[in-house]
Enquirer: 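Can you keep this structure in mind? I'll have questions shortly.
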Amino acid sequence: MEALKGSLIPSLQIPSTPTTLHKTQFLNFQFCSIPTSFLKSIQRNTSRSKLFTTLSSSTVSTEPIDPTDPLLETDSQEEKFDWFSQWYPVMPVCDLDKRVPHAKKVIGFDVVVWWDRNEGSWKVFDDTCPHRLAPLSEGRIDQWGRLQCVYHGWCFNGSGDCKFIPQAPPDGPPVHTFKKACVAAYPFKLDREGGAPIDISIEKLDKNGFQATRYGGNSRFMAPCTYYSAVSLPTSVNPGNVSDQGNGSVSSAGNNMPSSNSNVPQQRGLLVFYCVPVSPGRSRLIFIFPRNFGVWIDKIIPRWVFHVRQNLVLDSDLYLLHIEERKIMDAGSSNWQKACFVPTKSDAQVVAFRKWLKKYSDGQINWGEKFSGLPPSPPKEQLMDRYWSHVVNCSSCRVAYKGLNALEVVLQVVSIVSIGIVAATKQTGMSAVARTTLVLMAVLCFAASRWLAHFIYKNFHFHDYNHALL
């Protein structure tokens, strides 16, 4: 996935030169290189509309400590985590349409993502026209490749400079060149993404996150929203032939798994999660699974089929997490450990994250002055509505949804036409076999359309869960 990096600087001045793309850059995952596609991410700074280009890094100690004991914390007690000076993913590029601007929200800020064909790159602006504050995401890309506000037609280039104001007289002052006519534009770059007891140890916790080790791999949380878990499977269960995934190879951090045959390539994979804060009670989850085994299946099974199965797993916990979040807030974010009982090492990463959040962010995300508290809890059907949370944002599922709906209509039409033919030829010499065949086809098509309608609703709209019956 492509990554789109953006931020704010201490002045309202918009840079006149576009940020270049760096297709060879990698996310710094410390102990492995990650062969994945690209992901968009943006970065914001607390002070006004500005650009920020520094990405901090930290070293991770290899000396393990007991996760049930107080964590090794190296930063001063006064230091706090700055939520507005970080990188945040926005959308997988494969799900973005270059023909239209896209509205997105990240940590409470509205941005618009659009394709600048003049520079051949994606751009991220504040989703606000400086004229009358209309959302630029409701606009269009004009014939010259500029972002045009649909309200009064102001046009902006990829640097955020206003290039045309329809209402300004051509022989008058060049008001479109004034700084107040510009849109805040953010620079970006392309980065590669790349029920049993679990003994997890936290290696180190600091302002930038923490790293954990366990049998079979390593995990790391990189503030503010990235978590990955590297896994290595024993060679004894390796089926033999291993193919590499696309544009690189996955390497794991340690030799924590036993190896029964050094001549057989070890199966390795990486689960990468980007959990982007959108607003209180809402997050955007993007995840990938680069690996060096079983990649052939990705080439023969459509992407939307994987999403249907993965959504079953994610949605099964969605309502539980929603209720959990509100109960923790009722108890007070600083008192979460009194409300929860986490005595085992399998909860070490949960404990580590809560300690990190409490120490470096006062137990909660800093939303600035945009929000106060959680919104009212919506009905379960609305909370778990898959169409608005996933389908409209996923190009693969969108196409599948339209295709399956069209197929449902076709089946219904065939059923009705078949019955109509039988009725119209009742007095003619149509054979009994032909009539029976048409009636049977009508019944089968109608039954298939009803089954398909249920499948579409359950997989693309709402799928309720009764865990006791699963």
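Worth saying up front: this structure is predicted, and the values here are computed from it rather than measured. Just so you know, these numbers use all the heavy atoms, side chains as well, and skip hydrogens, waters and symmetry mates.
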Enquirer: If you round to the nearest 0.5 Å, how far is CG of Leu314 from OG of Ser389?
Expert: 10.0 Å

Enquirer: Ring-plane angle category for Tyr387 and His461, please: parallel below 30°, perpendicular beyond 60°, tilted otherwise.
Expert: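 Parallel: the ring planes of Tyr387 and His461 meet at under 30°.
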
Enquirer: Would you find more than 12 non-hydrogen atoms of other residues, nucleotides or ligands less than 6.0 Å from Lys380 atom NZ?
Expert: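 Atom NZ in Lys380 is crowded, with more than 12 foreign heavy atoms closer than 6.0 Å.
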
Enquirer: Which heavy atom in Pro224 sits nearest to a heavy atom in Tyr88, and how many Å separate them?
Expert: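 Nearest heavy atoms, Pro224 then Tyr88: CG-CE2, 3.3 Å.
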
Enquirer: In plain terms, say whether Arg354 and Asp347 are close enough for a salt bridge, that is, a side-chain N and a carboxylate O under 4.0 Å apart.
Expert: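 No salt bridge links Arg354 with Asp347.
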
Enquirer: Do the side chains of Val183 and Cys129 get nearer than 4.5 Å, heavy atoms only?
Expert: no

Enquirer: Decide yes or no for Arg117 and Ile141: does some side-chain heavy atom of the first lie under 4.5 Å from some side-chain heavy atom of the second?
Expert: yes

Enquirer: Taking the inter-plane angle between the rings of Tyr319 and His322 on a 0 to 90° scale, is it parallel (under 30°), tilted (30 to 60°) or perpendicular (over 60°)?
Expert: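 Ring orientation of Tyr319 relative to His322: parallel.
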
Enquirer: So, Phe210 versus Trp356, ring centres under 6.0 angstrom or not?
Expert: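 Centroid separation for Phe210 and Trp356: 6.0 Å or greater.
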
Enquirer: How close do Trp367 and Gly108 get, heavy atom to heavy atom, and via which atoms?
Expert: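 Nearest pair, atom of Trp367 first, then Gly108: CZ3-N, 3.8 Å.
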
Enquirer: Do Asn459 and Arg386 come within less than 4.5 Å of each other through their side chains, counting heavy atoms only?
Expert: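 Yes, their side chains come closer than 4.5 Å.
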
Enquirer: Walk me through it: do His102 and Asn393 pass the test side-chain contact (heavy atoms from CB on, under 4.5 Å)?
Expert: CA-CA 10 Å; His102 302 267; Asn393 295 304; over 6 Å; no

Enquirer: Just by distance, do the side chain of Asp127 and the backbone of Ser137 share a donor-acceptor pair under 3.5 Å?
Expert: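 At least one qualifying donor-acceptor pair exists.
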
Enquirer: Are any non-hydrogen side-chain atoms of Ile301 and Phe306 less than 4.5 angstrom apart?
Expert: yes

Enquirer: Looking only at heavy atoms, what is the nearest atom pair of Trp83 and Leu357, with distance?
Expert: CZ2-CD1, 3.7 Å

Enquirer: So do the side chains of Pro280 and Pro375 get within less than 4.5 Å of each other, counting heavy atoms only?
Expert: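 Sidechains of Pro375 and Pro280: in contact.
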
Enquirer: Closer than 3.5 angstrom, by distance alone: can the side chain of Arg146 be matched with the main-chain N or O of Asn157 as a donor-acceptor pair?
Expert: no

Enquirer: CG of Leu147 to NZ of Lys163: how many Å apart, nearest 0.5 Å?
Expert: 14.0 Å

Enquirer: Looking at Asn118 and Trp144, would you say the former's side chain and the latter's main chain have a donor-acceptor pair under 3.5 Å?
Expert: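 Yes, because the side chain of Asn118 sits within donor-acceptor range (under 3.5 Å) of the backbone of Trp144.
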
Enquirer: Can any side-chain N or O of Lys80 pair as donor or acceptor with the backbone N or O of Lys359 at less than 3.5 Å?
Expert: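 Yes, the answer is positive, given that a donor and an acceptor are paired below the 3.5 Å cut-off.
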
Enquirer: Counting only heavy atoms not in Lys105, do more than 12 sit closer than 6.0 Å to its NZ atom?
Expert: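 More than 12 heavy atoms, drawn from other residues, nucleotides or ligands, come within 6.0 Å of this atom.
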
Enquirer: Give the minimum heavy-atom separation between Pro101 and Val112, together with the two atoms involved.
Expert: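 What the structure gives for the nearest pair is CB-CG2, 3.6 Å.
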
Enquirer: When rounded to the nearest 0.5 angstrom, what distance separates OG in Ser283 from CD1 in Ile365?
Expert: 6.5 Å

Enquirer: OG of Ser396 to NE2 of His307: how many Å apart, nearest 0.5 Å?
Expert: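 Result: 6.0 Å between the selected atoms.
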
Enquirer: Report the distance from atom CD of Gln86 to atom OG1 of Thr226, rounding to the nearest 0.5 Å.
Expert: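 With rounding to 0.5 Å, CD (Gln86) is 10.0 Å from OG1 (Thr226).
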
Enquirer: Which word best sums up how the rings of Phe353 and Phe221 line up, parallel for under 30°, tilted for 30 to 60°, or perpendicular for over 60°?
Expert: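 Because their plane-to-plane angle is over 60°, the rings of Phe353 and Phe221 count as perpendicular.
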
Enquirer: Would you say Phe287 and Gln310 make side-chain contact, with heavy atoms under 4.5 Å?
Expert: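 Result yes, sub-4.5 Å side-chain heavy-atom pair found.
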
Enquirer: If we only count heavy atoms from C-beta on, is the Trp122 to Val113 side-chain gap below 4.5 Å?
Expert: yes

Enquirer: Would you indicate whether Arg282, at its atom CZ, is surrounded by more than 12 heavy atoms from other residues, nucleotides or ligands within a distance under 6.0 Å?
Expert: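 Counting other residues, nucleotides and ligands, CZ of Arg282 stays at 12 neighbours or fewer.
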
Enquirer: Looking only at heavy atoms, what is the nearest atom pair of Leu136 and Cys149, with distance?
Expert: CD2-CB, 3.7 Å

Enquirer: Give the minimum heavy-atom separation between Val90 and Arg284, together with the two atoms involved.
Expert: O-CD, 3.4 Å

Enquirer: Are any of the side-chain nitrogens in Arg303 or Asp95 under 4.0 Å away from the carboxylate oxygens of its partner?
Expert: yes

Enquirer: Short question: side chain of Arg268, backbone of Asn292 - any donor-acceptor pair under 3.5 Å?
Expert: no

Enquirer: Should Asp110 and Thr128 count as side-chain neighbours, where that means a heavy-atom distance under 4.5 Å?
Expert: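 Side chain of Asp110 against side chain of Thr128, heavy atoms only: no contact under 4.5 Å found.
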
Enquirer: Give a yes or no answer on whether the side chain of Arg291 reaches the backbone of Phe289 with a donor-acceptor pair at less than 3.5 Å.
Expert: yes

Enquirer: To the nearest 0.5 Å, what is the distance between CE on Met222 and OH on Tyr228?
Expert: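 Between atom CE of Met222 and atom OH of Tyr228 there are 6.0 Å.
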
Enquirer: Please walk me through it: do Cys275 and Tyr227 pass side-chain contact (heavy atoms from CB on, under 4.5 Å)?
Expert: CA-CA 8 Å; Cys275 191; Tyr227 174 84; over 6 Å; no

Enquirer: Strictly by modelled atom types, are Gln167 and Trp154 linked by a side-chain donor-acceptor pair under 3.5 Å?
Expert: yes

